[in-house]
Asks: 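I am attaching a structure below and will ask some questions about it afterwards.
On a predicted model such as this, the values are computed, not experimentally measured, just so you know.
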Amino acid sequence: MNEEKIEKRNNMFHSPFYNVFLLVSEHANTGDKKALAYISSFYNWEVLKEVVKWMTELAEQGDMDAQYNLGIHYQQMLDGNDKETIKWFTKAAENGCIPACWHLGMSYEFGIWGVDKNIEEAIKWYKMVANSGEESVHDAELKLEKLTDLNSNN
């Protein structure tokens, strides 16, 4: 990555705008309607489009954080574009992003974000989380136990 792109990435990921956006996005991800309203009323759509453009450039170059964040943005902000959500979560997960693995596990477990319910696929992604050593290992292990039992009964 050249110096200009590195500087652009650092400015984007460390800007107050982006940090506030991520914090509010976390609340919006839980279904917090006030957070969703806050995001939509607080940020200028043109600014958001510019952030997405920068993240897309980085993501296409293989930047795992940008890939994951694009998945989040498409999931929450850009009219729920399921195809793009799964595309970017998958790319991020394939690059080792554990939160993206968790999102993919959920998507296949429940058949959301434009994918069919597929317990084997959910187990695959939850296993990556369980084997990662991340904080969410215990949650992934519980999911795996439940899904493995469910899958063996079918």
Asks: Please name all residues satisfying side chain to side chain contact (heavy atoms under 4.5 Å, CB included) with E121, sequence neighbours left out, ordered by chain then number.
Replies: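 Testing E121 for side chain to side chain contact (heavy atoms under 4.5 Å, CB included), a comparison that skips the adjacent residues, returns Y108, N118, K124, W125.
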Asks: Check salt bridge (charged side-chain N to carboxylate O under 4.0 Å, His left out) between E109 and all other residues, then give those that pass, not counting sequence neighbours.
Replies: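 Partners of E109 by the salt bridge (charged side-chain N to carboxylate O under 4.0 Å, His left out) criterion, ordered by chain and then number, come out as K143, K146.
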Asks: Do I119 and Y126 land in one hydrophobic cluster if side-chain heavy atoms of ILVMFWY residues count as linked below 4.5 Å?
Replies: yes
Asks: How long is the straight-line distance from CG of D82 back to OG of S107, given to the nearest 0.5 Å?
Replies: 9.5 Å
Asks: Between the main-chain N or O of A59 and the side-chain N or O of D63, is there a donor-acceptor pair closer than 3.5 Å?
Replies: no
Asks: Tell me the closest heavy-atom pair linking A122 and G105, and the distance in Å.
Replies: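 Taking every non-hydrogen atom into account, CB-O, 3.5 Å.
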Asks: Working to the nearest 0.5 angstrom, can you tell me the gap between S132 OG and W102 CH2?
Replies: 10.5 Å
Asks: Might you point out which heavy atoms bring Q75 and T85 nearest each other, and give the distance in Å?
Replies: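 Of all heavy-atom pairs spanning Q75 and T85, the closest is N-OG1, 3.1 Å.
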Asks: Any heavy-atom pair between the side chains of Y74 and W113 that's under 4.5 Å?
Replies: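 Heavy-atom side-chain distance check fails, nothing below 4.5 Å.
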Asks: Please work out whether the ring planes of H103 and F89 are parallel, tilted or perpendicular, with thresholds of 30° and 60°.
Replies: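 Parallel.
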Asks: Is it possible for you to say whether M64 and V129 belong to one hydrophobic cluster, with membership spreading through side-chain heavy-atom contacts below 4.5 Å?
Replies: no
Asks: Can you tell me how far CE of M55 sits from CG of N69, rounded to the nearest 0.5 angstrom?
Replies: 5.5 Å
Asks: Quick one: list whatever passes side-chain hydrogen bond (donor to acceptor under 3.5 Å, both in side chains) with N95, sequence neighbours left out.
Replies: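 Once residues adjacent in sequence are excluded, the partners of N95 under the side-chain hydrogen bond (donor to acceptor under 3.5 Å, both in side chains) criterion are Q67.
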Asks: Could you work out, with salt bridge (charged side-chain N to carboxylate O under 4.0 Å, His left out) as the rule, every residue matching K91, not counting sequence neighbours?
Replies: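 Partners of K91 under the salt bridge (charged side-chain N to carboxylate O under 4.0 Å, His left out) test: none.
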Asks: Less than 4.5 Å apart, any side-chain heavy atom of I86 and any of L104?
Replies: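 Yes. Closest side-chain heavy atoms under 4.5 Å.
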Asks: Let me confirm one number: the CG-NZ distance from L58 to K53, rounded to the nearest 0.5 Å.
Replies: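 It comes to 11.5 Å.
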Asks: Which heavy atom of C101 sits nearest a heavy atom of A93, and at what distance?
Replies: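 Scanning both residues, the minimum pair turns out to be SG-CB, 3.7 Å.
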